[in-house]
Amino acid sequence: MGIDNIVEFILQKAGDIQEVSLVGNYAEGIDSGNIEVLIWGNNLNQAYLLQLADKVGKKLKKKIIVNFDEFVGHRIVLFDNNSKAYPVK
């Protein structure tokens with residue numbers, strides 16, 4: 001199973017993800033030990049995404065904080081589905 005198949009599998013289980021962005025300290029270039037991620041979309045499987053974030057955090061030895069609400073501030077877009085625009089404040 002290649003990385004593309006793994007990503008596709010994750011995206012299918014996660015719901016209709018429109019955008020994934022890095023926010024907070026990491027987006028500002030500061031390694032505070034916390035990685036904050038913003039996930040926007042429709043019908044998101046939040047429990048699955050939080051479980052996945054916990055697993056990845058353990059591997060990276062960092063705390064991953066996942067937000068599903070709008071974010072005000074600097075962000076780095078990691079994934080953009082481009083099928084639906086969400087307002088940036």
Side-chain angles (χ1 to χ4, degrees):
M1 182 179 251
I3 190 74
D4 56 334
N5 292 334
I6 294 170
V7 171
E8 184 177 333
F9 174 78
I10 291 170
L11 290 175
Q12 286 176 354
K13 282 192 73 171
D16 183 17
I17 293 177
Q18 299 299 315
E19 183 177 303
V20 178
S21 297
L22 187 61
V23 297
N25 288 339
Y26 260 70
E28 298 290 337
I30 301 166
D31 183 358
S32 66
N34 294 334
I35 299 172
E36 294 179 66
V37 178
L38 173 65
I39 302 175
W40 279 339
N42 300 307
N43 303 314
L44 295 177
N45 185 342
Q46 292 184 7
Y48 173 73
L49 291 166
L50 291 170
Q51 180 184 28
L52 186 62
D54 186 54
K55 286 181 182 180
V56 171
K58 287 177 182 173
K59 293 263 186 205
L60 297 176
K61 297 181 181 171
K62 304 277 184 189
K63 181 176 181 179
I64 298 182
I65 301 165
V66 180
N67 284 303
F68 300 102
D69 298 318
E70 290 185 36
F71 177 81
V72 177
H74 182 72
R75 67 184 183 168
I76 298 171
V77 177
L78 304 173
F79 171 81
D80 183 359
N81 194 357
N82 277 329
S83 64
K84 186 173 186 178
Y86 285 84
V88 177
K89 292 186 176 184

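Numbers for residues simply follow the sequence, beginning at 1.
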State which residues pass salt bridge (Lys or Arg N to Asp or Glu O under 4.0 Å) with Lys62; sequence neighbours excluded, sorted by chain then number.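 Per chain and number, Lys62 pairs via salt bridge (Lys or Arg N to Asp or Glu O under 4.0 Å) with Asp31.
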
Of all residues at least two apart in sequence or in a different chain, which pass the salt bridge (Lys or Arg N to Asp or Glu O under 4.0 Å) check with Lys63?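 Residues passing salt bridge (Lys or Arg N to Asp or Glu O under 4.0 Å) with Lys63: none at all.
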
Donor-acceptor pairs under 3.5 angstrom involving side-chain atoms of residues 44-57: please list them, not counting sequence neighbours.
unit_1: Asn45; atom_1: OD1; unit_2: Tyr48; atom_2: N; d: 3.1
unit_1: Asn45; atom_1: ND2; unit_2: Lys13; atom_2: O; d: 3.4
unit_1: Asp54; atom_1: OD2; unit_2: Lys58; atom_2: NZ; d: 3.3

Among residues two or more places apart or on two chains, list those pairs meeting salt bridge (charged side-chain N to carboxylate O under 4.0 Å, His left out) that have a residue in [range].
range	result
residues 40-50	none
residues 41-52	none
residues 42-52	none

Hydrophobic cluster membership, [X] vs [Y], 4.5 Å side-chain cutoff:
X	Y	result
Leu60	Ile65	no
Leu22	Val20	yes
Val66	Ile35	yes

Quick one: [atom1] on [X] to [atom2] on [Y], what's the gap to the nearest 0.5 Å?
X	Y	atom1	atom2	value
Ile64	Tyr26	CD1	OH	9.5 Å
Ile76	Glu28	CD1	CD	8.0 Å
Ile17	Asn43	CD1	CG	12.0 Å

By the definition side-chain contact (heavy atoms from CB on, under 4.5 Å), identify the one residue from Ile39, Asn81, Val77, Leu78 that meets it with Glu19.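 Testing Glu19 for a side-chain contact (heavy atoms from CB on, under 4.5 Å) against Ile39, Asn81, Val77, Leu78 leaves exactly one candidate, Val77.
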
Side-chain (Trp40) to main-chain (Asp69) donor-acceptor, under 3.5 angstrom: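 At least one qualifying donor-acceptor pair exists.
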
Please answer whether the main-chain N or O of Ala27 pairs with a side-chain N or O of His74 as donor and acceptor at a distance below 3.5 Å.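 Checking the backbone N and O of Ala27 against the side chain of His74, a donor-acceptor pair under 3.5 Å is found.
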
Could you give me the CA-CA distance, side-chain angles and deciding distance for Glu36 and Asn34, then say whether side-chain hydrogen bond (donor to acceptor under 3.5 Å, both in side chains) is met? CA-CA 6 Å; Glu36 294 179 66; Asn34 294 334; over 6 Å; no

